[in-house]
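For reference, the structure discussed in these notes is given below.
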Amino acid sequence: MNKVEPRTLAGFMELLPEEQILFEQMKQKIEKTYQKFGFLPLDTPIIELSEVLLAKAGGETEKQIYRFNKGDTDLALRFDLTVPLAKFVAKNYGNLSFPFRRYQIGKVYRGEKVQKGRFREFYQCDIDIIGDEELSILNDAEIPNVIYTIFKELGFDDFTICINNRKLLNGLFESLSQNENATEILRIIDKIDKIGKEAVIEELEKINVQKDSINRILEFIEIDGTNDEKISKLQNLNIQNDIFKVGLEEITETIKYIRIFGIPENNFKIDLTIARGLDYYTGTVYETFLNEHREIGSVCSGGRYENLAEYYTNKKLPGIGISIGLTRLFYVLNELNLIKAEQKSISKVLVIPMSEDLKVPIEIANKLRKQEVNTEIYLNDKKLKAKMKYADKLQIPYVIIVGDDEINSGIVKIRNMETGEEKEWNFNEELKEIS
RNA sequence: GUGGAUGUAGCGCAGUUGGUUAGAGCGCCAGUUUGUGGCACUGGAGGCCGUGGGUUCGAGUCCCAUCUUCCACCCCA
């Protein structure tokens, strides 16, 4: 018989158990931190009506979305978690308490060309805070606290949360009469890290930005110094534009409260070149970099948007949120050997029955499980050697062999697989400690 | 969408200027050891050499096509 070759689609991550264990651990750390800050869980369908997902539509999304028909229904796979959130909030407006803080961890789909660290199916770990009509700038300062806590929890110290405010850039562009070009200019200056200053100037010239405007823009993004110095230099630019002034106020407040939230000074900074999320961000924007590995790009990005659900409701719902691309984060950390899959099993004990009578081994396993000890029973008919080998290969730390002698005496030996040491346990009593 | 690469056991690879039955390592299975794993030794399974066509007495090796996977640009997590 001809066999079908077992293959996995390109751009879809599939892990071996030991890698998956590590992945799950990272995911759990993120989720626990989100919960610690009071974000509520949300789960939405992976498939939605195309009409709903493409309400906003536009460029890349439409090109990349997985779309198909089932009967007469035009369906699509979600390409992020923000659009489903918008739909959800609009739909359930009356049943939610605002500000609505929710987290969602789930897979999203983008039909892009695959590349290193670029997936077609990947996990996003999102939090958003949605206000009803308004949302305090304090929220903009709390988000970095969440980011900070997560990356500390994941074991990093040397990372920087970069903060900018789109109103500064937009105000600047407006004062230079470059509003129409704003998106284009943002995209170009966002690349400055990658392509350098000269190339940025060239590209700006290509889209017909005036020389003196280019100079003003560069003067702006090249502002350096400490956070406080940057703020005062921004003031000194003396840009007479309302949007700019609001942006300056907002970023000043944000920085002020970030400090109050207790983020160490070297884990955040104003970075006037970041201009993420070209479409919907309107205020504060964030990007987070691992300083030793800036080349991998931002590991957590987000920002503020004026009106989350404008395509679904007339209610004005401003929000702020971030997203961690967990699949890519896991992939690059693994590539860089910053994390290593070592744990091959989550069982702490393997019970090996060596008698026809399974009653006692099962009792023992149940007893251990009741004490929150992950326990596995070897249920297949093999020689002891093979059973031991199984425990060894999966690196299960403890083994309990249960044969007729043990059943009769009521005493088993708990073997520490690493040291070979064996301790006796009368399984009719509570197990005090396993170590 | 544009440009550049890749393809030999489960995995990462070797395979001489085209020459007989395609190799080693790791992994896997079994035995040495009928209730004690790792180590060692011995043995074993496992390959349409991506696919189709061509050149040739002869192709894993050369040519063409095709598929696949990967990389850069674009965009993004």
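In what follows, chains are A, B, ... by sequence order, proteins preceding strands, each numbered from 1.
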Answer yes or no for this row: A:Phe119 ring on B:A77 base, centroids under 5.5 Å, planes under 30°. no
Think A:Gln115 has a side-chain N or O under 4.0 angstrom from the OP1 or OP2 of B:A72? yes
Whether A:Arg294 engages the ring of A:Phe289 as a cation-pi pair (distance to the six-membered ring centre under 6.0 angstrom, angle to the ring normal within 45°) should be assessed. yes
Taking CD1 from A:Ile396 and P from B:G38, how many angstroms apart are they, rounded to a whole number? 15 Å
B:A77 base / A:Glu287 side chain donor-acceptor hit below 3.5 Å: no
For A:Asn374 and A:Ser347, test the side chains for any donor-to-acceptor distance below 3.5 angstrom and give the result as yes or no. no
Taken to the nearest whole Å, NZ/A:Lys344 to C1'/B:G38 is 12 Å
Of the listed nucleotides B:C70, B:C71, B:A77, the one nearest the side chain of A:Gln124: B:A77
Which residue pairs pass the side-chain hydrogen bond (donor to acceptor under 3.5 Å, both in side chains) test with at least one member in residues 384-397 of chain A, sequence neighbours excluded? A:Glu376-A:Tyr390
Has the side chain of A:Arg328 got a donor or acceptor atom sitting under 3.5 Å from an opposite partner on the base of B:C76? yes
Using whole Å, what does the distance between atom C1' of nucleotide B:C73 and atom CD of A:Glu203 come to? 11 Å
If you measure from the C1' atom in B:G47 to the same atom in B:C28, how many Å do you get, rounded? 16 Å
Its contact letters, B for base, S for sugar-phosphate only and - for none at protein heavy atoms under 4.0 Å, make nucleotides 29-36 of chain B read SSSBB-BB
I'd like to know if the side chain of A:Asn165 pairs up with that of A:Glu250 as donor and acceptor (distance under 3.5 Å, no hydrogens or angles considered). yes
A:Tyr305 and A:Asp128: side chain donor to acceptor below 3.5 Å: yes
Inter- and intrachain pairs under salt bridge (charged side-chain N to carboxylate O under 4.0 Å, His left out), touching residues 349-372 of chain A, at least two apart: A:Lys359-A:Glu363
Roughly, in whole Å, what's the span from CD1 in A:Ile352 to C1' in B:G37? 9 Å
For residues 8-21 of chain A, which residue pairs qualify under salt bridge (charged side-chain N to carboxylate O under 4.0 Å, His left out), counting only residues two or more places apart or in two chains? none
Between the protein and nucleotides 1-10 of chain B, list every N/O to N/O distance that falls short of 3.5 Å.
unit_1	atom_1	unit_2	atom_2	d
B:U2	O4	A:Lys113	NZ	2.9

Nearest-nucleotide check on RNA chain B, A:Tyr123 vs A:Thr419; residue mapping nearer the 5' end is A:Thr419
Sticking with atom P, work out how far B:U42 lies from B:U55, rounded to a whole angstrom. 48 Å
Please state the C1' separation for the pair B:G60 and B:C41 - nearest whole angstrom. 34 Å
Sorted by chain and residue number, the side chain to side chain contact (heavy atoms under 4.5 Å, CB included) partners of A:Pro397 (sequence neighbours excluded) come out as A:Lys348
How far, in whole Å, is B:C62 from B:U20 if one measures between their P atoms? 16 Å
Rounding to the closest angstrom, what is the interatomic distance between B:G37 and B:A77 at atom C1'? 43 Å
Pairs meeting criterion salt bridge (charged side-chain N to carboxylate O under 4.0 Å, His left out) with involvement of residues 394-418 of chain A, two or more places apart: A:Arg415-A:Glu422
Whole-angstrom distance between B:G54 and B:G58, as gauged at atom C1': 15 Å
Scan residues 140-162 of chain A for pairs that pass side-chain hydrogen bond (donor to acceptor under 3.5 Å, both in side chains), counting only residues two or more places apart or in two chains. A:Arg101-A:Glu142, A:Asp140-A:Thr284, A:Asp140-A:Arg304, A:Lys152-A:Asp157, A:Asp158-A:Asn291, A:Thr160-A:Asn291
If you take atom types as modelled and just measure distance, does the side chain of A:Asp392 reach the base of B:G38 with a donor-acceptor pair under 3.5 Å? no
Measure all distances between protein nitrogen or oxygen atoms and nitrogen or oxygen atoms of nucleotides 44-47 of chain B, and list the pairs falling under 3.5 Å.
none

Base, sugar-phosphate, or nothing: which does A:Glu121 touch, judged by heavy atoms less than 4.0 Å apart? nothing
Atom-pair distance (CZ on A:Arg118; C1' on B:A72), nearest Å: 11 Å
Does either side chain, that of A:Ser298 or that of A:Glu287, offer a donor lying less than 3.5 Å from an acceptor on the other one? no
Given Watson-Crick or G-U pairs with both distances under 3.5 Å, what dot-bracket string fits RNA chain B, with | for other-strand pairs and [ ] for crossing? (((((.(..((.(.....[...).)).(((((.......))))).....(((((..]....)))))).)))))....
Across the strands shown, which category fits A:Gly420 at heavy-atom distances under 4.0 angstrom: base, sugar-phosphate, nothing? base
Using whole Å, report how far NZ of A:Lys27 lies from P of B:A77. 20 Å
Under a 4.5 Å cut-off applied to non-hydrogen side-chain atoms, are A:Phe119 and A:Val114 in contact? no
Separation of the C1' atoms in B:U8 and B:A24, to the nearest angstrom: 13 Å
Which sits closer to the 5' end of RNA chain B, A:Ser323 or A:Ala10, going by the nucleotide each is nearest to? A:Ala10
A:Glu48/A:Arg78 salt bridge by N-O under 4.0 Å criterion: no
Using the P atom on both, measure B:U17 against B:C11 and round to a whole Å. 29 Å
Can you run down the salt bridge (charged side-chain N to carboxylate O under 4.0 Å, His left out) pairs that involve residues 108-121 of chain A, sequence neighbours left out, and say none if there aren't any? A:Lys107-A:Glu121, A:Glu112-A:Arg118, A:Lys116-A:Glu335
For A:Phe12 and A:Tyr109, take the angle between the two ring planes, folded into 0 to 90°, and tell me which bin it lands in: parallel under 30, tilted 30 to 60, perpendicular over 60. tilted
Taking salt bridge (Lys or Arg N to Asp or Glu O under 4.0 Å) as the definition, give me every residue that meets it alongside A:Lys27, ordered by chain and number, with sequence neighbours left out. A:Glu24
Send over the distance from A:Leu16 CG to B:C11 P, rounded to a whole Å. 11 Å
Could you state the CE-P distance from A:Met417 to B:C39, rounded to the nearest angstrom? 12 Å
